[in-house]
Enquirer: 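Sharing a structure, written as structure tokens. Questions coming.
Numbering of residues begins at 1 and proceeds along the displayed sequence. First listed ligand is number 1; within each ligand, the first listed atom is number 1. Scope of the values below: all heavy atoms of this structure, side chains included, with no hydrogens, waters or symmetry mates.
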Amino acid sequence: LPHTANPEISGWVERIRSGDARALARAISAVEDRRPEAQALLRALFPHTGRARVIGMTGSPGAGKSTLVDQLAKHYRKEKHSLGIIAVDPTSPFSGGAILGDRIRMLSHHGDSGIYIRSMATRGALGGLAATTADAATVLDAAGRDLLLIETVGVGQDEIDIVRLADVTVVILVPGMGDDVQSIKAGIMEIADVFVINKSDREGAERVEREIRAMQSLSQRKDEWSPPIVKTVATEGKGTAELAEAIAGYEHFVEKRGLLKRKRAEHWRTRLLEMLRDALLNRVLRQQFGERELERYAEEIAEHQRDPYALIEEVLAGLENVKSKI
Ligand SMILES: Nc1nc2c(ncn2[C@@H]2O[C@H](COP(=O)(O)OP(=O)(O)OP(=O)(O)O)[C@@H](O)[C@H]2O)c(=O)[nH]1
Ligand SMILES: [Mg+2]
């Protein structure tokens, strides 16, 4: 039977598309927990996706990302957009619970069904936070949310991967706090389509701006886009309209230059590799060994009782056997 013939899945898809918030929440949970039904659901949702604009917002802890997302959300709601907001917490679900509570408290739109807010803190047993976030965005896209805002702390590769999946990436810097441009991870600086200097009510905003400009003068982007710098005071809503304008400016540039197709293809190249890695890893972990064996193998290899290269060959051979049986 084709997946669409599964009445449970198609009913679920219908409810998600009609705006049922509970069906939506259940779908994102299924995706987040990597439950078996998530795969069929995502397949059934995919034909309904591709319309949402995805805006990634990243920056150091406490830079004001949530406050800014909150202001942007207000701005876009006035323009009658329907929003999905995903706040990604890279800390472990065990240590980060309280912090996550703080992170989303900033978002003050309870009761507005035009804004769906979700925080995601759990990663799969072995990484995959970027894939999970992208799948959650797929669900929201299919649900008809035309603007997705993704907030993530710009600390690690996982988080860089998350914003890389966005159509537009906003990098938020702040004056002071030793948060100089030089100390920001190079990877984060390179992915900025728009720079925000938030907390511009504080001293040092000009200096941060000069530093960004100096860095920009050293290298040109392949697409020749020169990322604008927007100063904001998120707590007062200052600069929000300018930020929305800068975001739209980049989207316009991408469209005018005909870069959208390439950008989307690059996105899917990254995402396919991620999906493939996930699927293969899951299959190996399910069919050949679990986490306990992984620990044991690691110990044996560390003590030179086992050859890691031979082990991988065995694993691959096992996979080929599975394939030939199908
Ligand atoms: N002075 C000043 N304070 C701000 C500004 N924007 C945010 N803040 C404050 O900075 C603190 C952190 O703001 P958040 O929006 O939670 O920052 P965040 O980047 O989302 O924080 P994490 O998600 O924990 O990394 C809060 O106390 C805000 O009120 C601003 O423009 N000026
Ligand atoms: Mg936050």
Enquirer: Does atom CD of E79 have more than 12 heavy-atom neighbours, drawn from other residues, nucleotides or ligands, at distances under 6.0 Å?
Expert: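 Atom CD in E79 is packed in, count exceeds 12.
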Enquirer: Residues two or more places apart in sequence or in another chain: which of them pass salt bridge (charged side-chain N to carboxylate O under 4.0 Å, His left out) with R296?
Expert: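 Counting only residues at least two positions away or on another chain, R296 forms a salt bridge (charged side-chain N to carboxylate O under 4.0 Å, His left out) with E300.
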Enquirer: With distance as the sole test, does N198 use its side chain to make a donor-acceptor pair with the main-chain N or O of A63 at under 3.5 Å?
Expert: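 Indeed, once roles are kept as given, a pair shorter than 3.5 Å links the two residues.
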Enquirer: May I ask you to identify, for V153, whether its side chain, its backbone, both or neither come under 4.0 Å of ligand 1 on a heavy-atom basis?
Expert: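 Side chain only; the backbone of V153 stays clear of ligand 1.
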Enquirer: Within ligand 1, which atoms have a heavy atom of S66 less than 4.0 Å away?
Expert: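 Going through ligand 1 atom by atom, the ones under 4.0 Å from S66 are 15 (O), 18 (P), 20 (O).
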Enquirer: Using a 3.5 Å cut-off on N or O atoms only, is A234 in polar contact with ligand 1?
Expert: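 Yes.
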Enquirer: Before accepting this row, confirm whether a basic side-chain N of the pair D223/R257 lies closer than 4.0 Å to the acidic partner's carboxylate O.
Expert: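 Result for this pair is no, no salt bridge flagged.
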Enquirer: Out of E236, K65, K199, who is nearest to atom 11 (C) of ligand 1 when you count heavy atoms only?
Expert: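 Checking each option, the heavy atom nearest atom 11 (C) of ligand 1 is found in K199.
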Enquirer: According to the interplanar angle, ranging from 0 to 90°, do the rings of Y297 and F289 count as parallel (below 30°), tilted (30 to 60°) or perpendicular (above 60°)?
Expert: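 Because their plane-to-plane angle is over 60°, the rings of Y297 and F289 count as perpendicular.
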Enquirer: Check this for me - ligand 1, V233, N or O atoms closer than 3.5 angstrom, yes or no?
Expert: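 No: no nitrogen or oxygen of V233 is under 3.5 Å from one in ligand 1.
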Enquirer: Given S200, which of V230, V208, V233 fulfils the side chain to side chain contact (heavy atoms under 4.5 Å, CB included) condition?
Expert: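 With S200 as partner, side chain to side chain contact (heavy atoms under 4.5 Å, CB included) holds for just one option, V233.
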Enquirer: Consider ligand 1: state whether an atom of it lies below 4.0 angstrom from any non-hydrogen atom of G59.
Expert: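 It does not, in that no heavy atom of G59 comes within the 4.0 Å cut-off of ligand 1.
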Enquirer: Which option out of D70, I172, T235 puts a heavy atom nearest to atom 29 (O) of ligand 1?
Expert: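 Going through D70, I172, T235 one by one, T235 has the nearest heavy atom to atom 29 (O) of ligand 1.
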Enquirer: I'd like the atom name of the N/O/S atom in E151 lying closest to the Mg ion (ligand 2).
Expert: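 So the atom name we want here is OE2.
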Enquirer: Under a 4.0 Å N-O cut-off, is there an ion pair linking R271 with D278?
Expert: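 No salt bridge links R271 with D278.
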Enquirer: Short N/O distance, under 3.5 Å, between S200 and ligand 1?
Expert: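 No: no nitrogen or oxygen of S200 is under 3.5 Å from one in ligand 1.
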Enquirer: Report the part of L68 (side chain from C-beta onward, or backbone N, CA, C, O) that has a heavy atom under 4.0 Å from ligand 1; answer both or neither where that applies.
Expert: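 No part of L68 comes within reach of ligand 1.
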Enquirer: Please enumerate all residues that pass side-chain contact (heavy atoms from CB on, under 4.5 Å) together with A192, with sequence neighbours excluded.
Expert: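 If we apply the side-chain contact (heavy atoms from CB on, under 4.5 Å) test to A192, skipping adjacent residues, the hits are V171, F195.
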Enquirer: Do any of the N, O or S atoms of S66 sit under 2.8 Å from the Mg ion (ligand 2)?
Expert: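 Given the 2.8 Å cut-off, S66 counts as a ligand of the Mg ion (ligand 2).
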Enquirer: Quick check on K238 - does any of its heavy atoms sit under 4.0 Å from an atom of ligand 1?
Expert: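 No; K238 lies far enough from ligand 1 that no heavy-atom distance drops under 4.0 Å.
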